[in-house]
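Notes follow once the structure below has been shown.
Heads up: numbering here begins at 1 and tracks the sequence.
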Amino acid sequence: MSLAIVHSRALLGIDAPSVTVEVHLSNGLPGFSIVGLPEAAVKESKERVRSALLNSRFDYPMRRITVNLAPADLPKEGGRYDLAIALGILCASGQLEQQQLDRLEVIGELALSGELRAVPGALPSAMQARRAGRALLLPRACADEAALLPDIDVLGAEHLLQACAHLLGQQPLQAVQAPPLSQSPGGPDLVDVRGQYQARRALEVAAAGGHSLLMSGPPGTGKTMLASRLPSLLPPLTPEEQLEVVSIRSVARQTDTTLNLQRPFRQPHHTVSGVALVGGGSTPRPGEISLANHGVLFLDELPEFDRRVLEVLREPMESGQICISRASAQVTFPARFQLIAAMNPCPCGYQGDPSGRCRCTPDQIKRYQGRISGPLLDRLDLQIEVGALSEQELIEATTPAEDSASVRRRVELARQRQLRRRGKLNHRLSGQELELDCALNRENRQLMQQALNRLGLSARAYHRVLRVARTLADLEGATDIDRSHLLQSLSYRRQDRAMS
C-alpha cells in the first residue's frame, strides 16, 4: 500500500485540534515534500525523519514521498509530527500495517538517532484523544503528564524502535500509570510575619473569597512577604483545576517534571510587556495571567508598571479569560487569577513617616499615584495601608503568630459555604446573586447610602464592598450580613479615599 494515514494533534492555545497525517509514495525521482501549511520546523522534519529511519536500520523508500497535514488551513508548527510522519512512511512502504495505526494518535519529535523527545501540549492532546476514543502514543519524557488524565491508554516510547516493536506486537508497551501528585502547601508560612494584624486579616479575607488586594505602605513593611504567603492559605487544587493548570504549563513549555501541583504564584517584573503579561505572539501563547490561573498574580511596585500594560488586566479580571485574536486563529486562554498588588505611597516611599524623611511634593505624589487608573483601582476589592512596625513590635514580639494551616482551615470552611450556596466564590457573584445573598435591612441600607455619598463609590465599588462583606460573614459562619461586616468591608477601601 502506497498510502498511509496516521492520526495526530496540533496545538492551538490549550486546545489540540485533530491533524491527519497522510503519507503517499509515488514513482519518480526521489524527493520529500510536506504540504498543509507547515512552518519552518515542520518542513525541517523531513531531514530528522530520514536520519532517524536510517539510523534505526529501517528501509528508507527511494521514491517520491508526499506528506499532507490536514486540514490544510490549520497552521502547523514544531516537531510534534515527526513520529507520525515516520510511522506513516513505514506503513506506506509496507513495513507496518495500517490497521495497527487506526487505533492510535501519535505525537513526538525525533532525534537523528531515532530517540523521541518531549513535545508541549501532551495533556491537551490526551484529552482530545480520549474524546476520540483512541490511545495516545508519545515520547516517554512527557507521558507522565498525559497519564494524569484518567480513562485513556497512554503509551510512552523512548525510541522509534520501541514504538515500531509495539505496533508489530513484538514488545508491547505498557500503559503509563499516573504518577503520584504532590499538593503539599509548601512555600513560606504566615507564621513568619510579625505584627501587621490588619494586613493578615485582609489576606485571610482575600483568600476566603478570591478577592483582589492592593497593599500600600513604605518600603520594608512586609508587603512582598505577605503576598508570597497567600498561596499557603488557599485550599488544594481540585482535579479539574489540576488538569487546567498542567495544560497551561505544558502549552507554555513550563511543565514541572515532578508534577508538584501547588497553586501558581507568578511575580513578573515591572518591565514586563503587555504581550508577556496577557499572552500573544504570532503563535499565541499564554502570558503571566494565564500561568497564574487558579493561583496568585503578584505585581510589586504597581505604579512602576507601564500604564498601558496595567489596563489590559481590566477585562480578564472581570471575565476570567483572555481572548487573543490573530489573522490565522482566535485563541482563548483561562485567566482566573487572584491579583495581589503592592505599592509605595509616594515616589520615595516614605510619605507620612514620623521621621519626616519624605521630600516629595504634592504634585509628585499625585502624579505617582495617578499612574494607576481609576477603572483599574475600582476593580480591586481590598485596598489597605501597611504601616511600619514600631521598634517594640519588631524586637520584643514574643507571642507566636498564627500559622498558615490554622488560617487555611477557616478559609476552606468559608469557601465551602460559598460553593454550597452558589457554586462559586463571592468575588464572582453577579448583580442578581448579590441582591439575593447580600440583602440588607433598612438600617444597613442607610449606612451604605451614607458611605456612597461620603466616599464617592461607583456602582462597581459598591458591589465589591457587598462581596467582601459577604465573605466576612462567611468567615464567621453568619447567614446574613450585619453592620460590623459592612463597616469592616468599607475600611478596606482606604485607597479610594487616598486617591480621590
**Message:** With a 4.0 Å cut-off on N to O distance, would you call E318 and R460 a salt bridge?
**Reply:** yes
**Complete:** Separation between CD (E476) and CD1 (I481), nearest 0.5 Å, reads 11.0 Å
**Message:** Whether the side chain of S250 engages the backbone of P120 through a donor-acceptor N/O pair (distance < 3.5 Å, no angle test) should be reported.
**Reply:** no
**Message:** Between the side chains of R470 and D437, is the shortest nitrogen-to-carboxylate-oxygen separation below 4.0 Å, so that they form an ion pair?
**Reply:** no
**Asked** About how many Å separate CG of N344 and CD of E301, when rounded to the nearest 0.5 Å?
**Response** 4.5 Å
**Side-chain (S247) to main-chain (L243) donor-acceptor, under 3.5 angstrom** = yes
**Asked** How about R307: does its CZ atom have over 12 heavy atoms from other parts shown lying under 6.0 Å from it?
**Response** yes
**Asked** Considering all heavy atoms of both residues, which atom of V191 and which atom of D189 are nearest to each other, and what is their separation?
**Response** N-OD1, 2.8 Å
**Message:** Working to the nearest 0.5 angstrom, can you tell me the gap between R408 CZ and L233 CG?
**Reply:** 7.5 Å
**Asked** Are E412 and R417 ion-paired here, with the side-chain N under 4.0 Å from a carboxylate O?
**Response** no
**Request:** Could you walk me through whether H7 and S18 pass side chain to side chain donor-acceptor pair (under 3.5 Å), step by step?
**Result:** CA-CA 7 Å; H7 301 286; S18 175; 5.3 Å; no
**Item:** Donor-acceptor pair, side chain of E244 and main chain of H294, under 3.5 angstrom
**Value:** no
**Prompt:** Does the pair Q364 and Y368 meet the rule for a side chain to side chain donor-acceptor pair (under 3.5 Å), with working shown?
**Reply:** CA-CA 6 Å; Q364 288 176 326; Y368 179 77; over 6 Å; no
**Electrostatic pair E433-R428, nearest N-O below 4.0 angstrom** = no
**Request:** Please report the shortest heavy-atom distance between F337 and L313, naming the atom on each side.
**Result:** CZ-CD2, 4.2 Å
**Message:** Does D482 form a side chain to side chain donor-acceptor pair (under 3.5 Å) with S484? I'd like the steps, not just the answer.
**Reply:** CA-CA 6 Å; D482 61 26; S484 64; 2.6 Å; yes
**Asked** Would a distance-only check, ignoring hydrogens and angles, find a side-chain to backbone donor-acceptor pair under 3.5 Å from K223 to S216?
**Response** no
**Request:** In plain terms, say whether R80 and E109 are close enough for a salt bridge, that is, a side-chain N and a carboxylate O under 4.0 Å apart.
**Result:** no
**Lys/Arg-Asp/Glu bridge criterion (N-O < 4.0 Å) met for R229, D192** = yes
**Request:** Could you tell me whether R421 and D474 make a salt bridge, using a distance below 4.0 angstrom between a side-chain N and a carboxylate O?
**Result:** yes
**Message:** On a heavy-atom basis, which atom in L226 and which in A199 lie closest, and how many Å separate them?
**Reply:** CD1-CB, 3.5 Å
**Asked** Is the backbone N or O of G387 less than 3.5 Å from a side-chain atom of Q196, with the two atoms forming a donor-acceptor pair by type?
**Response** yes
**Prompt:** Taking 4.0 angstrom as the limit, do R371 and E304 come out as a salt bridge?
**Reply:** yes
**Prompt:** Salt bridge check: are E204 and R415 linked by an N-O gap of less than 4.0 Å?
**Reply:** no
**Message:** Let me confirm one number: the CG-CD distance from D381 to Q338, rounded to the nearest 0.5 Å.
**Reply:** 9.0 Å
**Fill in**
To the nearest 0.5 Å, atom CG of N293 lies from atom CZ of R263 at 10.0 Å
**Asked** Rounded to the nearest 0.5 Å, how far does CG of L299 lie from OG of S212?
**Response** 11.0 Å
